[in-house]
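Quick notes on the structure that follows.
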Amino acid sequence: MDWLEKKDDEESRELSHLSKENIRKSILAAEGNGPLSRLPSLMLSEKKDDEEFRELFLLSNKSIHKIRLPEVYGKLCMSSCGWLVTVGDDYAAHLINPLSREIINLPNIDTFPRFLETSEWDLGIRKMLFVAASSLVVVLWGCSGKLGFCRIGDKKWTPVDKGWGGMILDITFYNGRVYSFDGNYHIRAWDVYGENPTQIVNIARLPKCVYDKYIGGAYIMGLDDGKRNRLLVVVREGIHDDTEDESCVEIYKTKSFQIFEYDLQTLN
């Protein structure tokens with residue numbers, strides 16, 4: 001499932017490089033894919049017998065709404081800030097606005113170094129951030145969970161691998177920087193506007209002693225209450241249960257969550 005943030009008209013204009021008139025025309029041509037709710041929606045998995053439409057679960061009223069979106073059928077699909085990124089089996093990548101159905105071409109995912117040797121197209125992108133103000137697309141790419149980026153109009157992706165210390169589990173954009181949390185418990189930062197755009201800097205390491213169980217995943221996010229700038233890291237403890245279904249050896253489940261706070265001002 002993908003999270004799709006539904007923006008109002010003003011926010012949509014900030015995300016799109018189209019003129020106001022073109023945005024209006026795009027929405028009118030979308031055959032009902034107009035704004036559905038100000039609350040986030042969940043995009044449900046595609047149905048093999050439906051190449052034309054995708055279903056959204058609206059959190060506002062717990063209903064399911066269909067939108068016409070044939071552009072994403074059969075493709076890897078991630079979301080950020082109301083946009084989708086797709087990757088096809090031909091390695092072509094695109095940004096798609098699911099409401100206006102605007103499509104922006106991105107570099108093929110196999111332009112990352114040694115991508116064809118180390119990954120597959122359907123594992124090409126694990127997480128995407130779209131920083132619209134800078135026309136910047138940041139991704140976690142490949143099986144090894146590395147950081148990379150491109151700007152709209154680039155012909156290839158740029159890896160951010162200096163200072164990389166292991167598989168990155170999650171990334172977030174906060175106060176002009178991309179922060180990451182990796183499998184070695186490190187919080188690292190990448191300055192989008194810095195002098196060295198391929199350098200990751202280590203800023204903290206969470207206590208390893210708290211990870212005495214299987215990590216099913218982790219999430220990092222910025223939090224500003226007007227007094228402090230903080231990062232929250234949410235660690236998900238996962239378990240695998242046996243099942244009686246012979247066709248499925250194990251079922252993945254979530255057992256618990258741990259939440260850690262890092263203050264960017266006091267550095268602890």
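Computed over heavy atoms, backbone and side chain alike; hydrogens, waters and symmetry mates excluded.
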Minimum heavy-atom distance [X]-[Y], with the two atoms named:
X	Y	value
L84	S79	CD2-CB, 3.7 Å
P98	W83	CD-CA, 4.3 Å
K66	D50	NZ-OD2, 3.7 Å
I203	A189	CG2-CB, 4.2 Å
T86	C77	CG2-SG, 4.3 Å
M128	L95	CE-CD2, 3.8 Å

Would you check if the side chain of [X] reaches a backbone N or O of [Y] as a donor-acceptor pair within less than 3.5 Å?
X	Y	value
S100	E102	yes
S80	F130	yes
N184	H186	no
S134	V131	no

| said: Between K146 and D161, is the salt bridge (Lys or Arg N to Asp or Glu O under 4.0 Å) condition met? List the steps. | reply: CA-CA 7 Å; K146 291 185 176 181; D161 48 15; 5.5 Å; no
| request: Please report the C-alpha distance between L231 and M221 in whole Å, then the side-chain angles of each, then the deciding distance to 0.1 Å, and finally whether the side chain to side chain contact (heavy atoms under 4.5 Å, CB included) criterion is met. | output: CA-CA 6 Å; L231 294 173; M221 64 203 75; over 6 Å; no
Is it the case that one hydrophobic cluster holds both [X] and [Y], taking links as side-chain heavy atoms less than 4.5 Å apart, direct or via other members?
X	Y	answer
I103	L69	yes
I96	Y73	no
L116	L76	yes
M78	L123	no

Quick check for you: to the nearest 0.5 Å, what is the distance between [X] atom [atom1] and [Y] atom [atom2]?
X	Y	atom1	atom2	value
L206	F181	CG	CZ	5.0 Å
I220	R188	CD1	CZ	11.5 Å
S41	H65	OG	NE2	9.5 Å
R54	E51	CZ	CD	12.0 Å
R236	F257	CZ	CZ	6.5 Å
D110	E117	CG	CD	12.0 Å

Beyond-backbone contact of [X] with [Y], side-chain heavy atoms, under 4.5 angstrom:
X	Y	result
I125	I109	yes
F112	T118	no
W157	V137	yes
Y262	I187	yes
I104	H94	no
F260	V234	no
K155	P107	no
L42	L56	no

| query | What do you reckon, are the aromatic ring centroids of Y91 and W121 less than 6.0 Å apart? | reply | no
| query | Does the ring center of W190 lie less than 6.0 Å from the ring center of Y179? | reply |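 Ring centroids of W190 and Y179 are no less than 6.0 Å from each other.
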| task | Would you check, one step at a time, whether the test side chain to side chain contact (heavy atoms under 4.5 Å, CB included) holds for V235 with Y219? | result | CA-CA 7 Å; V235 177; Y219 314 92; over 6 Å; no
| S144: side chain to side chain donor-acceptor pair (under 3.5 Å) partners, not counting sequence neighbours | none
| message | Pair D263, R230 - check salt bridge (Lys or Arg N to Asp or Glu O under 4.0 Å), show working. | response | CA-CA 5 Å; D263 194 311; R230 294 170 290 166; 5.9 Å; no
| task | Apply side chain to side chain contact (heavy atoms under 4.5 Å, CB included) to N61 and list each qualifying residue two or more places apart in sequence or on a separate chain. | result |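 Partners of N61 under the side chain to side chain contact (heavy atoms under 4.5 Å, CB included) test: L58, S63.
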| request: Please step through salt bridge (Lys or Arg N to Asp or Glu O under 4.0 Å) for the pair R228 and E261, ending with a clear verdict. | output: CA-CA 11 Å; R228 296 182 298 164; E261 177 184 297; 3.3 Å; yes
| task | Please lay out, stage by stage, how Y174 and N229 fare under the test side chain to side chain contact (heavy atoms under 4.5 Å, CB included). | result | CA-CA 9 Å; Y174 181 59; N229 295 327; 3.3 Å; yes
| task | Show your working on side chain to side chain contact (heavy atoms under 4.5 Å, CB included) between V138 and F173 and close with a plain yes or no. | result | CA-CA 9 Å; V138 183; F173 182 75; over 6 Å; no
| query | Are D170 and T172 linked by a side-chain donor-acceptor pair shorter than 3.5 Å? | reply |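 No, T172 and D170 have no side-chain donor paired with an acceptor closer than 3.5 Å.
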| task | Start with the C-alpha gap between K75 and E46, add the side-chain angles, then the distance that decides, and say whether salt bridge (Lys or Arg N to Asp or Glu O under 4.0 Å) holds. | result | CA-CA 10 Å; K75 298 178 180 179; E46 68 181 34; over 6 Å; no
| remark: When I168, L147, V139 are each screened for side chain to side chain contact (heavy atoms under 4.5 Å, CB included) with V160, the one that passes is L147
| Taking everything shown except E120 itself, do over 12 heavy atoms lie less than 6.0 Å from its CD? | no
